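Below is one structure, written out as structure tokens, with a few remarks after it.
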2 protein chains.
Amino acid sequence: MSRSNPRVLSTLERAGGFASAQEVYKLMQREGEKIGLTTVYRSLQSLVNDKIVDVLRRDDGEAIYRLCGENHHHHLVCKSCGETVEIEGVAIEKWAKAMAAEHGFRDVGHTAEIFGLCSKC
Amino acid sequence: MSRSNPRVLSTLERAGGFASAQEVYKLMQREGEKIGLTTVYRSLQSLVNDKIVDVLRRDDGEAIYRLCGENHHHHLVCKSCGETVEIEGVAIEKWAKAMAAEHGFRDVGHTAEIFGLCSKC
DNA sequence: ATGGAAATGATAATCATTTTCATTTGTGGT
DNA sequence: ACCACAAATGAAAATGATTATCATTTCCAT
Ligand SMILES: [Mn+2]
Ligand SMILES: [Mn+2]
Ligand SMILES: [Zn+2]
Ligand SMILES: [Zn+2]
């Protein structure tokens, strides 16, 4: 495994919201940064692995990345326009713990996403 | 636009759960059905359009389809041995609806998985 | 300086999905 | 039956993101 190239993270920060690997790459090129597409992919994957960035998918399937808040949260995503709301999951946390306990599981993590149509769509 | 080939829907029903276009296609071939991959894609898209089928994406980006309204469940998976328990998610259902309402989302679906170590591992 | 490990990036390979387009099939009128 | 025309079909090629290879470069500890 490789470590994340700091310039990739810096570019993603500057990008503001979500950006795909291809977009981050093009951005860096426009700004004169010398970097390979492969390294951009590797760095973003590494950042996701370290839970420093979130990854989701556009409707067309392209993966998009964005800086993640430091606390654990879940997502409410619009299927149509991609608008994303980070939501709290107190109920989910309890549910996950209860289910794990009930079936004798330990060291559990969980994933939970809600998707639908936002008010604008 | 084209209409959905009924054999595709029938196959997706028989698959029971999620299945990708490629999987539906292979399933039909194995069962001796004569159909083209293109028609499978077109039919699934049409079914999604008509809200007869839900579509979401696997981690690897492949689109997976399932019948709408099919009573879904969630999974508790052991990271070590792979043992899987199907669990109820009443708390999750409520949480998803509440979050959606709070943020003005409609027609929402959700995914939720719990993973950890089972009692044997 | 030197050797090995890690990082890099150009290139090729993968693979799901979409596009083309020629052919087949269905339908309705005569 | 015959014809005209629209819809459906599917083989083949194109697309495009992501991943795998692998030779080269950069780091780093000794
Ligand atoms: Mn997030
Ligand atoms: Mn549920
Ligand atoms: Zn929206
Ligand atoms: Zn186990």
Side-chain angles (χ1 to χ4, degrees), chain A residues 1-13 15 17-68 77 79-82 84 111 113 115, chain B residues 1-12 15 17-67 111:
Chain A
M1 290 299 138
S2 60
R3 198 166 272 106
S4 164
N5 184 315
R7 289 181 297 150
V8 171
L9 178 56
S10 160
T11 303
L12 186 57
E13 282 173 1
F18 283 104
S20 70
Q22 304 278 350
E23 286 164 354
V24 168
Y25 175 64
K26 281 174 202 149
L27 241 164
M28 295 181 79
Q29 293 222 305
R30 260 181 242 126
E31 294 172 356
E33 303 234 33
K34 185 171 148 296
I35 197 169
L37 179 58
T38 311
T39 300
V40 174
Y41 270 104
R42 271 193 291 242
S43 294
L44 289 173
Q45 278 163 2
S46 175
L47 288 167
V48 168
N49 224 48
D50 297 345
K51 298 185 201 294
I52 294 169
V53 312
D54 271 336
V55 57
L56 352 150
R57 302 231 169 226
R58 291 213 181 106
D59 276 349
D60 65 356
E62 192 174 3
I64 51 180
Y65 307 83
R66 151 182 91 163
L67 282 181
C68 189
V77 187
K79 277 196 242 186
S80 173
C81 71
T84 303
T111 62
E113 305 276 319
F115 42 89
Chain B
M1 289 298 139
S2 60
R3 197 166 273 107
S4 165
N5 184 317
R7 289 181 297 148
V8 171
L9 177 55
S10 159
T11 304
L12 185 57
F18 283 104
S20 70
Q22 302 280 350
E23 287 165 354
V24 169
Y25 175 63
K26 281 173 203 149
L27 241 165
M28 295 181 78
Q29 293 223 304
R30 258 180 246 127
E31 293 173 357
E33 301 235 33
K34 185 170 148 295
I35 196 168
L37 180 57
T38 311
T39 299
V40 173
Y41 272 104
R42 270 195 291 244
S43 294
L44 289 173
Q45 279 163 3
S46 174
L47 289 168
V48 168
N49 227 42
D50 297 346
K51 297 185 201 290
I52 294 168
V53 161
D54 262 341
V55 58
L56 47 115
R57 292 199 179 261
R58 290 212 182 107
D59 279 347
D60 66 356
E62 192 174 0
I64 51 179
Y65 307 82
R66 87 169 159 191
L67 284 181
T111 61

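Lettering of chains follows the sequences in order, A, B, ..., and the numbering in each one begins at 1. Quick caveat: nothing in here was measured; it's all calculated off a predicted structure.
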Contact under 4.0 Å: A/Asn5 side-chain N or O vs C/dA7 OP1/OP2: no

Side-chain heavy-atom pair B/Val40, B/Gln22 within 4.5 angstrom cut-off: no

Shortest non-hydrogen contact between A/Leu67 and A/Leu12, atoms and distance: N-CD2, 4.3 Å

Neighbours of DNA chain D within residues 29-36 of chain B, by heavy-atom distance under 4.0 Å: B/Lys34, B/Ile35, B/Gly36

Those residues that, when tested against A/Glu23, pass salt bridge (Lys or Arg N to Asp or Glu O under 4.0 Å) (two or more places apart): A/Arg58

Spacing between B/Arg58 atom CZ and D/dA17 atom P, to the nearest angstrom: 22 Å

Value in whole Å for how far the C1' atom of D/dA17 lies from CG of A/Leu56: 17 Å

Sugar-phosphate only, base, or nothing, as touched by B/Asp60 at under 4.0 Å among non-hydrogen atoms: nothing

Report, one pair per line, the protein and nucleotides 11-21 of chain C atoms (nitrogen or oxygen only) whose separation is under 3.5 Å.
residue, atom, partner, partner atom, Å
C/dT17, OP1, B/Ala63, N, 2.8
C/dT17, OP2, B/Tyr41, OH, 2.7
C/dT17, O5', B/Tyr41, OH, 3.3
C/dT18, OP2, B/Gln45, NE2, 2.6

Pair listing, salt bridge (Lys or Arg N to Asp or Glu O under 4.0 Å) test, anchored in residues 33-49 of chain A, at least two apart: A/Arg7-A/Glu33

All side chain to side chain contact (heavy atoms under 4.5 Å, CB included) counterparts of A/Leu56, not counting sequence neighbours: A/Phe18, A/His75, A/Val77, A/Thr84, A/Glu113

Check: B/Thr111 and A/Thr111 side chains under 4.5 Å, non-hydrogen atoms: no

For B/Val55, all residues meeting side chain to side chain contact (heavy atoms under 4.5 Å, CB included), sequence neighbours excluded: B/Val48, B/Ala63, B/Tyr65

Distance below 4.0 Å between B/Arg3 side-chain N/O and D/dA8 OP1 or OP2: yes

Close side-chain approach of A/Thr11 and A/Tyr25, heavy atoms under 4.5 Å: no

